[in-house]
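Every number for a ligand or one of its atoms is a count from 1 in the order of the listing. Every heavy atom of this structure was used, including side-chain atoms; hydrogens, water molecules and symmetry mates were not.
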Amino acid sequence: MRKASLHGQWSSRFAFVLAATGSAVGLGNIWKFPYIAGENGGGAFVLIYLLCILAIGLPIMVAEIMLGRRGRQSPINTMRDLAAEAGASRFWSWLGWLGVIAGFLILSYYSVIAGWAMAYVVRVASGVFEGATADGVSNIFGQLIADPEKLLAWHSLFMIVTMLVVARGVKGLERTVKFLMPALLVILILLVGFGMEQGAFEQAASFLFKADFSKVSSEGVLTAMGHAFFTLSLGMGAIMVYGSYLPTKVSIGSTAVIIALADTVVALLAGLAIFPIVFANGLEPGSGPGLIFQTLPIAFGHMAYGSVFGTLFFVLLVFAAWSSSISLIEPAVAWLVENKKMSRMRACIWAGLATWILGIGTVLSFNLTADVKLFDKTFFDILDYLTANVMLPLGGLSIAVFAGWVMSKENSASELQLKSPILFNSWLFLVKFVSPVAVAIVFLKAIDVI
Ligand code: PHE
């Protein structure tokens with residue numbers, strides 16, 4: 001197998017951890033997790049999500065990094081070569097294609113939401129939220145998403161900035177994420193502190209951690225599982241392509257644990273920051289994608305130096321979204337460079353342009369085409385459902401099957417270098433049986449087949 005990727009390599013394990021954490025921690029943790037937890041009744045949903053992270057996400061993350069490092073190319077070519085190595089069908093490269101397409105679809109709407117966060121940097125900094133009521137804050141949000149021109153402008157800006165970083169390659173990615181993670185953590189803790197002092201903290205904690213299973217449907221279980229994939233950036237080749245830039249010596253197992261842990265902590269902190277405000281202000285936990293934009297400004301509007309912290313928070317949120325977006329498009333860019341012999345710059349322009357165009361569909365789905373629905377879902381809802389609840393679990397399932405059943409045990413053991421045979425065998429058991437079966441059951445149950 002190849003010794004290094006043609007696109008370069010991370011300078012150290014720390015750099016990889018930062019980049020992969022940068023990919024994992026994003027809008028999924030701070031924007032999506034709280035609102036879907038709210039929509040699905042809280043505690044039981046959160047517990048299922050945590051279980052999915054542990055039993056499905058973590059082993060698949062180990063598998064995905066391992067495949068990437070062994071193949072050392074874009075996911076499409078990696079899967080083709082690894083299948084050849086294992087004497088399996090070339091068809092496996094479709095797994096890479098599924099990922100490239102999922103990344104493209106996700107980024108198209110991810111960028112629009114990141115645009116909301118950018119718009120909020122300006123709003124919070126200008127002080128419009130000072131002393132604002134819950135109604136006032138909701139109005140400001142409503143005005144933003146009702147305006148397609150504004151959303152389009154922010155979406156465009158976000159796409160340009162993302163593609164600029166991707167164009168600079170691995171080194172560019174590294175530098176961007178280095179200072180971001182610690183700063184984001186500090187400000188989240190500060191917000192949790194605000195919630196403890198001024199919000200309905202106890203009510204929030206019991207909403208998030210008291211499990212009442214009658215509140216989750218099988219559809220809710222699928223959402224929790226899909227979100228485990230989404231938040232860990234699994235099932236579409238983002239972590240695989242980052243793994244392909246990983247130096248040979250680095251231990252994959254412990255690295256994956258660190259990334260999953262960091263990601264989970266950020267999501268839970270976000271929940272603990274947001275729900276005290278929701279309950280203290282009589283807001284609806286299930287109010288959907290606008291949740292953080294309708295709650296956090298209330299906190300910023302009422303705390304000392306709120307405009308400063310608020311501005312900082314949304315800046316960091318934009319950065320977190322940014323370091324995730326980069327990994328969403330990297331598999332496509334790496335493939336264009338490898339197979340179409342494009343320069344990195346050209347590859348970025350084409351991939352970025354296509355994503356930007358599709359993003360217009362999401363922009364409009366919040367205003368002009370908000371009533372155009374298929375199965376009761378807007379364009380944005382459909383993209384979100386299709387990617388998080390269908391494509392990522394399907395991709396993750398295939399990765400688990402490939403790592404557990406197709407790749408030889410000798411090869412996976414030598415690539416992983418886990419410290420003890422017990423660890424290796426437990427991992428193998430999880431990817432061979434537990435993850436695929438769990439994904440299949442949840443999936444079939446949600447679409448009413450079983
Ligand atoms: N994990 C990112 C988030 O939580 C989103 C993402 C999904 C990034 C899939 C890459 C791949 O926001």
- Item | Test of ring centre spacing under 6.0 Å for Trp31 and Tyr35 | yes
- Message: Using a 4.0 Å cutoff against the non-hydrogen atoms of Thr231, which atoms of ligand 1 qualify?
- Response: 1 (N), 4 (O)
- Using a 4.0 Å heavy-atom cut-off, say whether Phe229 meets ligand 1 through its side chain, its backbone, both or neither. neither
- Give the intermediate values and the outcome of ring pair (Phe, Tyr, Trp, His ring centres under 6.0 Å) for residues Phe207 and Phe275. CA-CA 8 Å; Phe207 177 77; Phe275 285 105; 5.0 Å; yes
- Report yes if Gly28 has an N/O atom closer than 3.5 Å to an N/O atom of ligand 1; otherwise report no. yes
- CD1 (Ile106) and CG (Leu358) are apart, to the nearest 0.5 Å, by 12.0 Å
- Task: Could you tell me whether Leu27 and ligand 1 have an N or O pair separated by under 3.5 Å?
- Result: yes
- Task: Please work out whether any backbone atom (N, CA, C, O) or any side-chain heavy atom from C-beta onward of Ala24 is under 4.0 Å from ligand 1, and answer side chain, backbone, both or neither.
- Result: backbone
- Item | Under 3.5 Å: N/O of Ser23 near N/O of ligand 1 | yes
- Message: Does ligand 1 come near enough to Phe230 that some N or O of the ligand is less than 3.5 Å from an N or O of the residue?
- Response: yes
- Message: Using a 4.0 Å cut-off to any heavy atom of Tyr110, which atoms of ligand 1 qualify?
- Response: 2 (C), 3 (C), 5 (C), 12 (O)
- Item | Closest approach of any protein heavy atom to atom 9 (C) of ligand 1, naming residue and atom | Ser233 CA, 3.5 Å
- Any idea which part of Met236 is under 4.0 Å from ligand 1, heavy-atom wise: side chain, backbone, both or neither? side chain
- Task: Find out whether Leu291 and Phe141 are in side-chain contact, i.e. whether some heavy atom of one side chain is under 4.5 Å from a heavy atom of the other.
- Result: no
- Which of the ligand 1 atoms, numbered from 1, are nearer than 4.0 Å to a heavy atom of Gly26: 3 (C), 4 (O), 12 (O)
- Message: Donor-acceptor check, side chain of Ser398 to backbone of Leu394, threshold 3.5 angstrom: yes or no?
- Response: yes
- Query: Relative to the ring of Trp97, is the ring of Trp94 parallel (under 30°), tilted (30 to 60°) or perpendicular (over 60°)?
  - Reply: tilted
- Task: Would you check whether Ser327 has a nitrogen or oxygen atom less than 3.5 angstrom from a nitrogen or oxygen atom of ligand 1?
- Result: no
- Task: Ignoring hydrogens and angles, state whether a donor on the side chain of Asp263 or Asn29 is under 3.5 Å from an acceptor on the partner side chain.
- Result: yes
- CA sep, side-chain torsions, deciding dist, call: Tyr49, Phe33, ring pair (Phe, Tyr, Trp, His ring centres under 6.0 Å): CA-CA 10 Å; Tyr49 152 80; Phe33 170 72; 4.9 Å; yes
